[in-house]
**Student:** 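Structure provided below as structure tokens; questions to follow.
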Amino acid sequence: MGARFQIATPGDFVLSRDACSYGYFLLAPNHWEPGTREFRTTIDAGERAFTVVVSQDGPGGSRARVRGRPLTVRADVAPSRAERDAIAAQLARMFRLDEDAAEVRAFHRTDPRWRRTGRGRLMRSATLFEDVIKTVTSCNVAWPSTIIMNRRLCEVAGRASASGLHAFPSAARLARMRARTLRARCNVGYRDARIVELARLFARDAGPRVPPRAAARGVSWPVRSGFSAWLEDRRTGDDAVRAALLELPGIGPYAAANIMQLLGRYAHLPLDSESLRHARTVLGYSGPDRALMEKLHAHYEPFGEHRFRSYWFELWAFYEQRRGPSWTWERETTGKTFTASKL
DNA sequence: GGTAGACCTGGACGC
DNA sequence: GCGTCCAGGTCTACC
């Protein structure tokens with residue numbers, strides 16, 4: 001390893017719990033090593049990519065009593081100061097280090113079921129663009145295919161580190177790809193043109209055109225610049241963000257709601273076929289799909305702005321009950337089976 | 001506004 | 001080993 005540095009964490013942060021809290025920890029370029037409880041990923045820092053291994057040590061270098069302890073980052077090559085800042089910023093986004101402990105406590109006051117385990121943070125991607133593409137690759141497809149698509153996108157289009165591992169491709173790199181190349185080499189199927197179109201929008205940082213009907217409702221978004229920053233800005237209203245996301249190619253109601261939770265807007269529920277399975281097998285609901293969806297919305301209504309976290313940790317607890325703690329899962333074995341029909 | 005069917009891939013299943 | 005069927009969310013055409 002070429003360099004080592006540390007990143008401070010909020011007082012409640014536990015790497016093994018908070019990294020292994022959402023399925024993206026199993027998708028390339030990410031890799032969780034259960035044996036050592038280390039998180040490895042490859043980050044595109046602009047001009048170079050770095051493969052980094054992230055760990056969290058307790059007193060004396062132990063793996064116990066790690067809560068709130070800083071993260072140790074080991075990079076394969078020594079980064080410049082600017083590159084180190086870029087790596088730290090992207091890791092902070094992935095682990096939501098910007099959400100302080102008080103914010104997690106507010107969630108626990110609303111839904112005390114998760115206070116004992118401390119669950120509250122949800123792992124996400126290094127960039128919003130990667131979150132959007134990962135969401136698209138998880139739609140209308142079984143989870144093993146999502147794993148393949150993300151691995152191939154990295155291998156075919158991502159910048160390689162000195163270790164020979166690949167980062168997730170930037171919007172600029174994917175924007176230069178041809179749709180048929182993505183289909184042939186990355187197994188993305190009919191999503192090919194949509195992914196390239198999304199990449200071009202994010203590479204220009206322009207966003208979709210505001211449709212007349214949305215404009216008539218007073219919804220607007222920046223057309224020429226700063227689309228990503230506008231979406232990430234907490235001052236932007238949920239309705240405007242949702243309307244903008246629904247204008248993106250390949251983004252429907254489910255994907256828009258999922259991207260919103262990835263943006264930290266937890267009031268929206270991305271309900272899908274897995275939600276229906278949860279309603280029937282865990283919550284004990286019955287009836288046609290539409291009625292189940294209404295029951296699910298009613299069930300999570302009391303959790304207000306935290307709805308998604310309550311919903312997700314219910315699902316996650318079910319998976320862990322069947323497959324053991326998520327930090328013991330490996331991508332190629334348990335990780336391939338952890339959704340829907342296989343459980 | 002609601003609905004049906006196409007889109008594409010990988011896994012399950014039957015032979 | 002091969003062929004068939006199915007799951008999965010979005011998009012478009014149609015009523």
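In the text below, chain A, chain B and the rest are named by the order of the sequence lines, each starting its count at 1.
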**Student:** Nearest-Å distance, CG (A:Leu276) to P (C:dG8)?
**Tutor:**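 Atom-to-atom, A:Leu276 to C:dG8, this comes out as 9 Å.
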**Student:** Relative to each other, are the rings of A:Tyr311 and A:His278 parallel, tilted or perpendicular (30° and 60° limits)?
**Tutor:**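 Ring orientation, 0 to 90° scale: perpendicular.
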**Student:** Going by atom types alone, do A:Asp272 and A:Ser275 pair a side-chain donor with an acceptor below 3.5 Å?
**Tutor:**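 Yes, because at least one side-chain N or O of A:Asp272 sits under 3.5 Å from a partner of the opposite role on A:Ser275.
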**Student:** Within this structure, what is the CG-to-C1' distance between A:Leu245 and C:dG9, rounded to whole angstrom?
**Tutor:**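 To the nearest whole Å, that distance equals 15 Å.
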**Student:** Does a donor on one side chain sit under 3.5 Å from an acceptor on the other, for A:Asp111 and A:His306?
**Tutor:**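 Looking only at side-chain atoms, A:His306 and A:Asp111 do not form any donor-acceptor pair under 3.5 Å.
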**Student:** Please say whether the positively charged group of A:Arg309, taken as NZ for Lys or CZ for Arg, lies over the ring of A:Tyr266, i.e. under 6.0 angstrom from the six-membered ring centre and within 45 degrees of the axis.
**Tutor:**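 The answer is yes, since A:Arg309 meets both limits relative to A:Tyr266.
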**Student:** Nearest-nucleotide wise, let me know which of A:Arg194 and A:Ile148 is further upstream toward the 5' end of DNA chain B.
**Tutor:**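 Of the two residues, A:Arg194 wins.
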**Student:** Nearest whole angstrom, please: distance from the C1' of B:dG10 to the CZ of A:Arg152.
**Tutor:**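 Between C1' of B:dG10 and CZ of A:Arg152: 15 Å.
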**Student:** Out of C:dT10, B:dC7, B:dG10, which has the shortest distance to the side chain of A:Tyr190?
**Tutor:**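 Taking heavy atoms from C-beta onward, the closest nucleotide is B:dC7.
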**Student:** Between P on C:dT10 and CG on A:Asp192, what's the gap in Å once rounded to a whole number?
**Tutor:**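 Interatomic distance, CG of A:Asp192 to P of C:dT10: 17 Å.
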**Student:** Do A:Ser170 and A:Asp44 pair up side chain to side chain, a donor and an acceptor below 3.5 Å, judged on atom types alone?
**Tutor:**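 No donor-acceptor contact under 3.5 Å links the two side chains.
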**Student:** Given A:Phe39, which of A:Phe95, A:Phe25, A:Tyr24 fulfils the ring-ring contact (aromatic ring centres under 6.0 Å, His included) condition?
**Tutor:**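 The passing option is A:Phe95.
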**Student:** Using a strict cut-off of less than 4.0 Å between a Lys/Arg side-chain nitrogen and an Asp/Glu carboxylate oxygen, indicate whether A:Glu130 and A:Arg93 qualify as a salt bridge.
**Tutor:**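 No, this pair does not count.
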**Student:** Which nucleotide, C:dT10, C:dG8, C:dG9, lies nearest any side-chain atom of A:Val141?
**Tutor:**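 Nearest to the side chain of A:Val141 among the choices is C:dG8.
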**Student:** Residues from residues 123-138 of chain A sitting under 4.0 Å of DNA chain B, heavy atoms only?
**Tutor:**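 Within this stretch, nothing sits under 4.0 Å of the strand.
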**Student:** When you measure from every atom of DNA chain B, which of residues 179-188 of chain A have a heavy atom less than 4.0 Å away?
**Tutor:**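 Result for residues 179-188 of chain A: A:Arg183, A:Asn187, sorted by number.
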**Student:** Please list, pair by pair, any protein nitrogen or oxygen found under 3.5 Å from a nitrogen or oxygen in nucleotides 1-6 of chain B.
**Tutor:**
from, atom 1, to, atom 2, distance (Å)
B:dT3, OP2, A:Arg290, NH2, 2.8

**Student:** How many whole angstroms separate atom CE of A:Met149 from atom P of B:dC8?
**Tutor:**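 Answer to the nearest Å: 12 Å.
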**Student:** Rounded to the Å, how far apart are A:Asn140 CG and B:dC7 P?
**Tutor:**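 After rounding, the gap between these two atoms is 13 Å.
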**Student:** Can you measure A:Trp143 atom CH2 to C:dA7 atom P for me and round it to whole angstrom units?
**Tutor:**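 In whole Å, C:dA7 P lies 20 Å from A:Trp143 CH2.
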**Student:** Could you give the distance from CG (A:Asp192) to CG (A:Asn187), rounded to the nearest 0.5 Å?
**Tutor:**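 The distance works out to 11.5 Å.
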**Student:** Classify the ring geometry between A:Tyr22 and A:Phe308 as parallel (under 30°), tilted (30 to 60°) or perpendicular (over 60°).
**Tutor:**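 Judged by the thresholds at 30° and 60°, the geometry between A:Tyr22 and A:Phe308 is perpendicular.
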**Student:** Within this structure, what is the CD-to-C1' distance between A:Glu247 and C:dC11, rounded to whole angstrom?
**Tutor:**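 It works out to 13 Å between those atoms.
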**Student:** Cation-pi check for A:Trp327 against A:Arg37: NZ or CZ below 6.0 Å from the six-membered ring centre and within 45 degrees of the axis, yes or no?
**Tutor:**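 Verdict for A:Trp327: a cation-pi partner in A:Arg37.
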**Student:** Just by distance, with hydrogens left out, do A:Arg277 and A:Thr281 show a side-chain donor and acceptor under 3.5 Å apart?
**Tutor:**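 Note: A:Arg277 and A:Thr281 side chains meet the donor-acceptor criterion.
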